[in-house]
Amino acid sequence: MVPVSIDGSTLGAIIVVVFGAVWGVAGAIGLPRPWRTWGLALSIAVSAALLIWCLMPHTTSMSGTFRGGVYGAAVAFELAGITAIVWLLRRLRLPRYILPAVGFVVGLHFLGMWKATDLLVFVWTAVGMCTVSVIAVWLPDHSGGRAVDVRSVITGFGLALVLWTTGVFGLR
């Protein structure tokens, strides 16, 4: 077996694809039981296929810039933001907005990733994630006896799609 060399662009693509899988699973959970299994399987299958593709040999054209301090600050602000927004929404008895709010905070963190790497793809990732999250806030949830939690499904699968796209087209 040939050892796989993982450069920065490959590692970045792997990370966003894995987080895409996490968001895809979150979206699948909003589906009714008969469809939930299909949603979970689809999210895992797409992510697995993309991970395999990420590990295939490729040439890189990335800048090679990585500012560890900026990256660390972006992640720290992301974690603090997620913690604060979850606490606030629970305190205000608005848990139905937690998923898109977290998605928005994660999207904002990609602006820090852009500053850490000089990769413009992270600006587009931030715009995509924040846009999906804002749209999702206005969608219905389980209330009213709905079988589908539209807000969770759109948030989860929408953010997964943004991250999968970043991994495939932006970082590879």
Side-chain angles (χ1 to χ4, degrees), residues 1-32 34-68 70-72 74-75 78-79 82 98-136 139 148-172:
M1 181 173 222
V2 178
V4 177
S5 172
I6 298 181
D7 57 18
S9 64
T10 301
L11 180 59
I14 289 169
I15 291 169
V16 296
V17 166
V18 168
F19 279 104
V22 171
W23 282 107
V25 167
I29 291 170
L31 295 170
W35 293 100
R36 187 173 300 156
T37 303
W38 287 102
L40 290 168
L42 180 64
S43 294
I44 292 167
V46 167
S47 297
L50 292 176
L51 287 172
I52 291 168
W53 182 78
C54 285
L55 292 172
M56 293 177 146
H58 66 281
T59 58
T60 184
S61 60
M62 297 295 167
S63 68
T65 301
F66 184 75
R67 296 174 191 91
V70 175
Y71 170 80
V75 172
E78 175 190 27
L79 293 174
I82 289 170
I98 289 175
L99 202 58
V102 168
F104 191 86
V105 171
V106 172
L108 289 177
H109 124 279
F110 277 98
L111 295 175
M113 297 301 299
W114 164 55
K115 296 305 286 180
T117 64
D118 292 335
L119 297 175
L120 193 58
V121 68
F122 288 134
V123 173
W124 293 111
T125 304
V127 168
M129 291 187 76
C130 290
T131 301
V132 167
S133 298
V134 167
I135 290 169
L139 298 173
V148 175
D149 183 351
V150 177
R151 182 177 297 130
S152 294
V153 170
I154 297 300
T155 302
F157 287 131
L159 297 180
L161 186 59
V162 169
L163 291 171
W164 290 332
T165 303
T166 297
V168 171
F169 296 106
L171 298 176
R172 275 297 314 271

Value rounded to 0.5 Å, distance of CH2 in W38 from OG in S43: 13.5 Å

Excluding sequence neighbours, so at least two apart, what forms ring pair (Phe, Tyr, Trp, His ring centres under 6.0 Å) with F104? none

Please examine the side chains of V70 and W114, heavy atoms only from C-beta on, and report whether any two atoms are closer than 4.5 Å. no

All side chain to side chain contact (heavy atoms under 4.5 Å, CB included) counterparts of I154, not counting sequence neighbours: L139, V150

Partners meeting salt bridge (Lys or Arg N to Asp or Glu O under 4.0 Å) with R36 (sequence neighbours left out): none

So how far is it from T166 OG1 to F122 CZ, rounded to the nearest 0.5 Å? 7.5 Å

How many angstroms lie between atom CD1 of I15 and atom OG1 of T10, to the nearest 0.5 angstrom? 11.0 Å

Taking side chain to side chain contact (heavy atoms under 4.5 Å, CB included) as the test, write out the residues that go with L79, two or more places apart. V75

If I take atom OG1 from residue T125 and atom NE2 from residue H109, how far apart are they, to the nearest 0.5 angstrom? 10.0 Å

I want to check something: taking the side chain as every heavy atom from C-beta on, are T155 and I135 in contact at a cut-off of under 4.5 Å? no

Measuring from atom CD1 of I52 to atom CE of M56, what distance do you get when rounded to the nearest 0.5 angstrom? 8.0 Å

Could you tell me if the side chain of M129 sits less than 4.5 Å from the side chain of V106, heavy atoms only? yes

For G27 and V153, which heavy atoms make the closest approach, and how far apart are they? O-CG2, 3.5 Å

Side chains of F110 and V16: does their closest heavy-atom pair fall under 4.5 Å? yes

Do you know the tightest heavy-atom contact between A74 and G112? CB-CA, 3.8 Å

State, to 0.1 Å, how close G30 and S152 come at their nearest heavy-atom pair, and which atoms those are. CA-CB, 4.2 Å

dist L42:CG -> T37:OG1 (nearest 0.5 Å) comes out at 12.5 Å

Any side-chain heavy atom of V134 sitting closer than 4.5 Å to one from P100? no

Partners meeting side chain to side chain contact (heavy atoms under 4.5 Å, CB included) with L51 (sequence neighbours left out): I14, V17, V18

Which donor-acceptor pairs under 3.5 Å do the side chains of residues 156-165 make with protein atoms, sequence neighbours left out?
| unit_1 | atom_1 | unit_2 | atom_2 | d |
| --- | --- | --- | --- | --- |
| W164 | NE1 | S47 | OG | 3.1 |
| T165 | OG1 | L161 | O | 2.7 |

